[in-house]
Asks: 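Attaching a single structure in structure tokens format; questions to follow.
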Amino acid sequence: MSTQVPEQQEEPTEAAAETETQIPSKGDARRAEKRRRAAERRAQKQAEEAERAAADEDTIELKVFRYDPEVEGKQEPRFDTFHVPFTKGMTVLDALMYARDTYDSSLTFRHSCRQAICGSDAMFVNGTQKLACKTQISELQEPIRVEPLPHAEVTKDLVIEMEHFYEQMHAVEPYFQTNELPDGELEEQRQSRENREKIKMSTRCIWCSACMSSCNIAAGDNEYLGPAAINKAYRFAMDEREGEDIKQKRLEIIEQEHGVWRCQTQFSCTEVCPKDIPLTEHIQELKREAVKNNLKFW
Ligand code: SF4
Ligand code: FES
């Protein structure tokens with residue numbers, strides 16, 4: 001039978017104790033990591049506060065029309081004020097989006113392309129019809145007042161009912177019509193360079209309805225075709241590829257009681273059109289065409 005003698009535990013030497021203090025324990029490492037993260041958070045918060053303070057120094061004041069017929073307490077039209085940090089190149093649409101995304105998600109307005117192409121964000125900015133995405137904040141006087149387009153029914157906040165405008169546009173049959181098709185199926189229907197130049201500006205319409213909203217005549221006569229629809233009629237009536245009989249039909253549409261003769265040459269439509277279409281000029285030219293069309297020589 002053998003007897004096992006328990007081994008004697010050695011006392012730690014001084015050198016070993018020193019090494020132990022140099023190697024951090026797992027707990028120490030965790031605490032250090034926590035301290036590092038806390039410092040990082042503090043620095044981030046300070047940076048955000050500094051950014052906010054800088055923004056406060058350069059903030060714009062927006063007064064936005066609010067109305068919601070479906071929500072109790074919001075049925076009475078009012079203006080809400082939003083303070084939005086200004087950034088270089090900011091447009092009215094940018095400011096509205098900031099207000100909506102930061103302060104009030106119920107703020108409602110139309111927009112899509114953000115580059116003056118879709119025509120969905122025409123509004124009344126500081127008393128003038130403008131495309132919000134094309135209007136620089138730096139060019140406006142503060143406080144900036146944003147309202148829905150006048151002379152239209154408001155659906156909610158800055159959104160108006162566009163149905164009437166579309167009806168007027170469709171009334172002039174805004175599409176190409178011709179009796180003379182080219183022989184070959186894939187053959188182009190050529191237009192002369194001069195004719196293309198003539199109608200060029202009229203093709204730029206983006207159906208924003210700013211011109212209609214600015215027109216006093218349209219405001220007083222709900223059946224008036226309006227500058228945009230007449231411009232659309234011009235675009236096709238002046239297109240040499242449509243042929244004389246179709247032009248005749250177009251002239252009949254625009255010289256009706258609520259057509260071109262209602263225009264009083266006030267130029268308001270031309271002034272507000274964001275695509276710089278010479279609307280009044282086009283209306284006057286169609287008036288002349290209508291007169292020529294009706295002249296009879298016996
Ligand atoms: S004519 Fe000009 S203002 Fe009128 S709908 Fe077209 S783009 Fe807008
Ligand atoms: S958002 Fe499309 S025209 Fe302004």
Side-chain angles (χ1 to χ4, degrees), residues 62 64 89-101 107-125 127-137 139-140 144 146-152 157-175 198-219 221 224-239 254 259-260 262-263 265-286:
L62 274 188
V64 184
M90 181 179 243
T91 63
V92 172
L93 181 62
D94 294 331
L96 285 170
M97 288 165 76
Y98 184 95
R100 179 196 61 196
D101 298 345
L107 177 58
T108 307
F109 47 93
R110 289 192 183 105
H111 67 91
S112 180
C113 69
R114 300 176 68 181
Q115 46 192 316
I117 288 174
C118 72
S120 60
D121 63 340
M123 299 173 190
F124 202 50
V125 181
T128 313
Q129 286 80 0
K130 287 185 179 298
L131 279 187
C133 65
K134 201 185 170 209
T135 307
Q136 289 287 313
I137 292 285
E139 289 166 8
L140 299 170
I144 297 162
V146 189
E147 297 166 76
L149 286 180
H151 307 140
D157 295 342
L158 301 171
V159 174
I160 58 158
E161 180 53 69
M162 293 286 286
E163 210 45 51
H164 175 63
F165 175 75
Y166 294 145
E167 276 169 15
Q168 304 305 80
M169 293 297 268
H170 288 294
V172 298
E173 302 183 6
Y175 41 85
K198 183 172 181 59
I199 64 165
K200 185 172 81 178
M201 292 306 283
S202 65
T203 64
R204 298 178 64 176
C205 178
I206 54 172
W207 294 47
C208 70
S209 103
C211 53
M212 187 80 148
S213 161
S214 76
C215 177
N216 283 337
I217 313 305
D221 174 5
Y224 175 42
L225 285 172
I230 296 174
N231 173 69
K232 192 54 79 179
Y234 177 96
R235 182 256 171 272
F236 291 106
M238 296 299 172
D239 190 318
I254 56 101
V260 282
R262 300 290 290 164
C263 172
T265 338
Q266 292 177 354
F267 284 92
S268 59
C269 53
T270 304
E271 275 163 26
V272 301
C273 177
K275 304 308 277 186
D276 299 324
I277 303 172
L279 295 163
T280 315
E281 214 176 281
H282 289 172
I283 298 172
Q284 299 324 301
E285 197 171 338
L286 281 181

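If you're wondering where the values come from, they're calculated on a predicted model, not measured in any experiment. Counting convention: from 1, in listed order, for ligands and their atoms alike.
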Asks: Considering only heavy atoms, does Ile206 approach ligand 2 within less than 4.0 Å through its side chain, its backbone, both, or neither?
Replies: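 Near ligand 2, Ile206 shows nothing, with every heavy atom at 4.0 Å or more.
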
Asks: Using a 4.0 Å cut-off to any heavy atom of Ser112, which atoms of ligand 2 qualify?
Replies: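 Once the distances to Ser112 are compared, the set is 1 (S).
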
Asks: Enumerate the atoms of ligand 2 whose separation from the nearest heavy atom of Ala116 is less than 4.0 angstrom.
Replies: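 Those qualifying, in numeric order: 3 (S).
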
Asks: Return the number of protein N, O or S atoms with a distance to atom 4 (Fe) of ligand 1 smaller than 2.8 Å.
Replies: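 Near atom 4 (Fe) of ligand 1, the number of protein N, O or S atoms below 2.8 Å is 1.
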
Asks: Which heavy atom of Cys263 sits nearest a heavy atom of Gln284, and at what distance?
Replies: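 It is SG-NE2, 3.7 Å.
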
Asks: At under 4.0 Å between heavy atoms, which part of Cys118 makes contact with ligand 2: side chain, backbone, both or neither?
Replies: both

Asks: Students often mix this up, so state it plainly: with edges at 30° and 60°, are the rings of Trp207 and Tyr166 parallel, tilted or perpendicular?
Replies: tilted

Asks: Number the atoms of ligand 1 from 1 as they appear, then name those within less than 4.0 Å of a heavy atom of Pro274, with their elements.
Replies: 3 (S)

Asks: For a 4.5 angstrom cut-off between non-hydrogen side-chain atoms, does Met97 reach His111?
Replies: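 Yes, close enough: below the 4.5 Å cut-off.
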
Asks: What atoms in ligand 2 come closer than 4.0 Å to a heavy atom of Gly119?
Replies: 2 (Fe), 3 (S)

Asks: Heavy-atom contacts under 4.0 Å between Cys113 and ligand 2: side chain, backbone, both, or neither?
Replies: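 Cys113 to ligand 2: contacts from backbone and side chain alike.
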
Asks: When you compare the side chains of Ser120 and Ser112, does any donor N or O come within less than 3.5 Å of an acceptor on the partner?
Replies: no

Asks: Is Glu147 close to Val64 at the side-chain level, that is, under 4.5 Å between some pair of heavy atoms?
Replies: no

Asks: Taking the basic N atoms (NZ, or NE/NH1/NH2) and the acidic carboxylate oxygens, is any pair closer than 4.0 Å for Asp94 and Arg114?
Replies: yes

Asks: Among residues at least two apart in sequence or on other chains, which ones pass ring pair (Phe, Tyr, Trp, His ring centres under 6.0 Å) with Phe124?
Replies: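 Partners of Phe124 under the ring pair (Phe, Tyr, Trp, His ring centres under 6.0 Å) test: none.
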
Asks: Backbone N or O of Ala116 within a donor-acceptor pair of the Lys275 side chain at under 3.5 Å?
Replies: yes

Asks: Pair Asp121, Lys134 - check salt bridge (Lys or Arg N to Asp or Glu O under 4.0 Å), show working.
Replies: CA-CA 9 Å; Asp121 63 340; Lys134 201 185 170 209; over 6 Å; no

Asks: State, without any angle test, whether Gln129 and Ser214 hold a side-chain donor-acceptor pair at a distance under 3.5 Å.
Replies: no

Asks: Would you indicate whether the side-chain heavy atoms of Glu271 and Thr128 approach each other to under 4.5 Å?
Replies: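 Of all side-chain heavy-atom pairs linking Glu271 with Thr128, none is under 4.5 Å.
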
Asks: Using a strict cut-off of 4.0 Å, indicate which atoms of ligand 2 neighbour a heavy atom of Cys133.
Replies: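 Once the distances to Cys133 are compared, the set is 1 (S), 3 (S), 4 (Fe).
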
Asks: Closest non-hydrogen protein atom to atom 1 (S) of ligand 2, residue and atom name please, with distance?
Replies: Arg114 N, 3.2 Å

Asks: Can you name the atoms of ligand 2, numbered from 1 with element, that are less than 4.0 Å from a heavy atom of Ile117?
Replies: 3 (S)

